[in-house]
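Notes to accompany the following structure.
Here the structure is a predicted model, which is why all the values come from computation and not from measurement.
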Amino acid sequence: MRISPGLVDALFFVILSAENTPDVDSKTVENCVCILRNLSFRLENEVPPDLAEQVLDEAWEKAHTEERSQYETDRRKKDKSNKTSTGCFGQKKQSRKRTTYKERGRVSSQIDQCGFGDSPPWTDSVSSHPRHHDPVHGQAMLWQPEVTYSYLMLLKDSSNNMTLEAAAGALQNLSAANWKWSSFIRSAVRKERGLPILIELLQLPQDAVVRSVATALRNMAVDPRNKELIGKYGMRRLVFLLPSSRSQSSDFTVPTISSVLSSVLELVTRNVENALALKDADGIPRVAALAKSRQYYPIKLVQTANQICVTLNNVKDTRTSLKREGWNINDFQSSALVDQTDGVEAGDRKSG
C-alpha cells in the first residue's frame, strides 16, 4: 500500500484539511490516521535502502548531529559534577492542577501546566524540519519529521479516542527504530512542543490511548534531551498510573502497566536525576511492589520492575528507599529473573 500512487499524500491532505474544524473527530480522519499508523510500522526493515537514504541537505544533517553530540557531552559533564549530590528533587514542587478529559484545552495551556513555558536550559538552534534538495512525495512522506505536526495536531485537538490512539501509535512507530529518521522524529516532536501534549494525555482514562502514549514517550526518551524533559515533567504522572500495591486492582490493563514501567525504565537508565524524580514522586514503593509480585503479574512485567530496581540500587540516594521496601539485590540475583543490561524487547516499541 505504501507505494500506491498518491495514497500517502492524500491521507495527510485529509488530516490537515480537518485542522480547526469539527472534522478532526470524524470517522474519515480516524480511518486516515489508522492507515498511516499501520503504514509506519517497521519502516526501517521494509523501506528500500535507496529510498530511505534519500539525500538531505548535508549542512542540516551535520548540524543536527553536532547539536545532539554537544548536548550529550554537556550532559555527561553535568552528571559527573552531580554524582555525589543529594536532594536534587528535594525542593518544594509547584502544585499543578490535574485537568479533566474535557478540560484538556489546547497546546498552549498544556505547555504552561507541564512547565514547558519557561525557557529550557539549552537552545534548539537547528530547525525541526530538514531541508531537502527535492520535494518529498509518496511513501517517503511517512518518515519525514514534518509529519509530526499532523499527528500532534490530532493529539491536541481531537476527542476521538481511536484517533488519539492511532496518532500516538504512529509517533510510537516512527520513533522506535534505530535508523537516523527515528532520531529526527524524536527531535522534531520536542521542537514542535509535542512532549507536553503526550504527557497531558496520560491523565485520560482510556486504556488503549494511555498505552500508546506511554510507549511513545518511552521511545522519545531515547533522545537525551527528551529524557530529561519527560523525567522532569512526566515522571509523576507515569507513577500515578502504577498500582500502589501488589494486589491492588488497577484501572489499566497489564499491557498498559507494562508500557508505563518500560517508560520509567528508559527514563531512569543512565540518568540520576530521573531516578531521584521517581523517588520524589513516591514511585519506589510501587515499583518495588511490582518487582515482588510474580503471583499477581506476568513474568515480563515483573522483570521490567526488577530492572528499574537494579538501576535504582546503583544510585546512593535511592538505594536506601529500596531496602526500606524490602527489595534486595541479592534476592534478585539469585532468582535470575532478567538480564540487567537489556530493556524489554525492542519490538514492543512499535505499534502495529
Checklist line | Lys/Arg-Asp/Glu bridge criterion (N-O < 4.0 Å) met for R225, E228 | finding: no

Notebook entry, point to check: Do you see a donor-acceptor pair shorter than 3.5 Å between the side chains of R186 and N226?
Noted result: no

Next item on the list: Given side-chain hydrogen bond (donor to acceptor under 3.5 Å, both in side chains), test W327 with N306 step by step and report yes or no.
Entry: CA-CA 9 Å; W327 188 90; N306 272 283; 3.0 Å; yes

Next item on the list: Would you indicate whether the side-chain heavy atoms of L155 and L171 approach each other to under 4.5 Å?
Entry: yes

Notebook entry, point to check: Less than 4.0 Å between a side-chain N and a carboxylate O, is that true for D282 and R236?
Noted result: no

Check: Just wondering, do L142 and V147 contact through their side chains at under 4.5 Å, heavy atoms?
Finding: no

Checklist line | Taking every non-hydrogen atom, the tightest pair across R2 and L43 | finding: NE-CD2, 3.4 Å

Item checked: Closest approach of A288 to E325 (non-hydrogen atoms, all atoms of both residues) -> CB-CB, 3.7 Å

Note to self: With rounding to the nearest 0.5 angstrom, report the OG to CG distance, S262 to L267.
What the structure shows: 11.0 Å

Margin query: As an exercise, state the distance from CG of N38 to CE of M1, rounded to the nearest 0.5 Å.
Written below: 8.5 Å

Item checked: Ionic contact status for D207 with R211, cut-off 4.0 Å -> yes

Notebook entry, point to check: Going by atom types alone, do E30 and N160 pair a side-chain donor with an acceptor below 3.5 Å?
Noted result: yes

Next item on the list: Quick one: pull up CG in N161 and CD in Q206 and give me the separation to the nearest 0.5 Å.
Entry: 4.0 Å

Margin query: I need the minimum non-hydrogen distance between W143 and L174, along with the two atoms involved.
Written below: CA-CD2, 4.1 Å

Checklist line | Single hit among V264, V268, N271 for side chain to side chain contact (heavy atoms under 4.5 Å, CB included) with T311 | finding: V268

Check: Mind checking whether M162 and L201 sit in one hydrophobic cluster, side chains of I, L, V, M, F, W, Y counted as touching below 4.5 Å?
Finding: no

Item checked: Contact summary for P205 and F252, nearest pair of heavy atoms -> O-CE2, 4.0 Å

Check: Are the side chain of N274 and the backbone N or O of A277 linked by a donor-acceptor pair below 3.5 Å?
Finding: no

Check: Below 4.5 Å, heavy atoms only, C-beta onward: do D23 and T28 meet side chain to side chain?
Finding: no

Next item on the list: Would you name the heavy atoms of L16 and S150 that are closest together and state the gap between them?
Entry: CD2-OG, 3.4 Å

Margin query: What I want to find out is whether D317 reaches K279 closely enough, with some N-O distance under 4.0 Å, to be called a salt bridge.
Written below: no

Notebook entry, point to check: Any salt bridge between K156 and E200, counting N to O under 4.0 Å?
Noted result: no

Next item on the list: State, without any angle test, whether S321 and T318 hold a side-chain donor-acceptor pair at a distance under 3.5 Å.
Entry: no

Notebook entry, point to check: For E192 and Y149, which heavy atoms make the closest approach, and how far apart are they?
Noted result: OE1-CD1, 4.4 Å

Margin query: Quick check for you: to the nearest 0.5 Å, what is the distance between D157 atom CG and T163 atom OG1?
Written below: 11.5 Å

Checklist line | side chain to side chain contact (heavy atoms under 4.5 Å, CB included) evaluation trace for V254 with L301 | finding: CA-CA 8 Å; V254 168; L301 184 151; 3.9 Å; yes

Notebook entry, point to check: Hey, quick one: are Y296 and V302 part of the same hydrophobic cluster, counting side-chain heavy atoms closer than 4.5 Å, chains of contacts allowed?
Noted result: yes

Checklist line | Side-chain heavy-atom pair Q172, R37 within 4.5 angstrom cut-off | finding: no

Notebook entry, point to check: Can I3 be reached from L11 by stepping across I, L, V, M, F, W or Y side chains whose heavy atoms are under 4.5 Å apart?
Noted result: no

Checklist line | Separation between CG of L217 and CG of L202, rounded to the nearest 0.5 Å | finding: 5.5 Å

Note to self: Are the side chains of W181 and S175 in contact, using a 4.5 Å heavy-atom criterion?
What the structure shows: no

Note to self: What's the separation between atom CD in Q139 and atom CG in D9, rounded to the nearest 0.5 Å?
What the structure shows: 11.0 Å

Notebook entry, point to check: Going through the checks in order, is the side chain to side chain contact (heavy atoms under 4.5 Å, CB included) test met by V260 and R218?
Noted result: CA-CA 8 Å; V260 173; R218 177 206 176 190; over 6 Å; no

